[in-house]
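Take a look at the structure set out below.
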Amino acid sequence: MFNTVSGKKLAIFGFSYKKNTSDTRNTPSIDICRALLAERAQLSVHDPRVTEQAVQLALPFAQQLKMLHNDLLDIGFGLSNAGHDGLVA
């Protein structure tokens, strides 16, 4: 249980290659998500510019993946309207 992400619920804020774009080609987020999923983490992804289909194409075998849309109240965070520019409590 300790020193592992297995079974933990994690949120990924920002999935695209850079802010204010929907381009997911060569994004480091793919490698990070794959590594976390390999460790059996439960991921929730939020990126206001990236579609759910784009994330599913990048992570085709992710069964424990959930897309978060603009409503992030379930995990206690909100996003600024500036895309990847930051979180507000």
Side-chain angles (χ1 to χ4, degrees):
M1 181 168 188
F2 297 103
N3 296 326
T4 180
V5 296
S6 179
K8 303 292 191 302
K9 295 179 181 180
L10 303 173
I12 306 297
F13 295 100
F15 194 80
S16 65
Y17 175 68
K18 59 183 180 178
K19 69 179 182 178
N20 296 323
T21 184
S22 62
D23 189 358
T24 60
R25 293 173 294 164
N26 300 319
T27 180
S29 299
I30 294 172
D31 294 330
I32 293 167
C33 288
R34 284 182 182 160
L36 291 169
L37 289 167
E39 294 292 325
R40 301 183 61 192
Q42 297 176 8
L43 300 184
S44 297
V45 175
H46 175 78
D47 191 311
R49 306 267 189 229
V50 177
T51 65
E52 185 172 353
Q53 293 82 11
V55 175
Q56 289 174 348
L57 284 173
L59 303 168
F61 301 109
Q63 295 179 357
Q64 60 266 49
L65 180 70
K66 178 175 119 180
M67 285 295 292
L68 295 175
H69 298 285
N70 291 329
D71 183 11
L72 299 179
L73 296 176
D74 292 339
I75 56 173
F77 286 101
L79 287 181
S80 69
N81 289 331
H84 295 180
D85 291 340
L87 294 174
V88 292

message: If I take atom CG from residue Asn26 and atom NZ from residue Lys18, how far apart are they, to the nearest 0.5 angstrom?
response: 12.5 Å
- prompt: So which pairs with a foot in residues 26-39 pass salt bridge (Lys or Arg N to Asp or Glu O under 4.0 Å), sequence neighbours left out?
  reply: none
message: Could you tell me if the side chain of Arg49 sits less than 4.5 Å from the side chain of Thr21, heavy atoms only?
response: no
query: So, do Leu36 and Ile12 sit near enough that their side-chain heavy atoms are less than 4.5 Å apart?
result: yes
- prompt: What distance separates Leu59 CG from Phe15 CZ, expressed to the nearest 0.5 Å?
  reply: 4.5 Å
query: In Å and rounded to the nearest 0.5 Å, what is the CG to CG distance from Leu37 to Leu43?
result: 4.5 Å
query: Got a sec, which residues hit side chain to side chain contact (heavy atoms under 4.5 Å, CB included) with Thr51, two or more places apart in sequence or on another chain?
result: Gln53, Ala54
task: Please check if the side chain of Asp47 supplies one atom and the backbone of Ser16 the other of a donor-acceptor pair under 3.5 Å.
output: yes
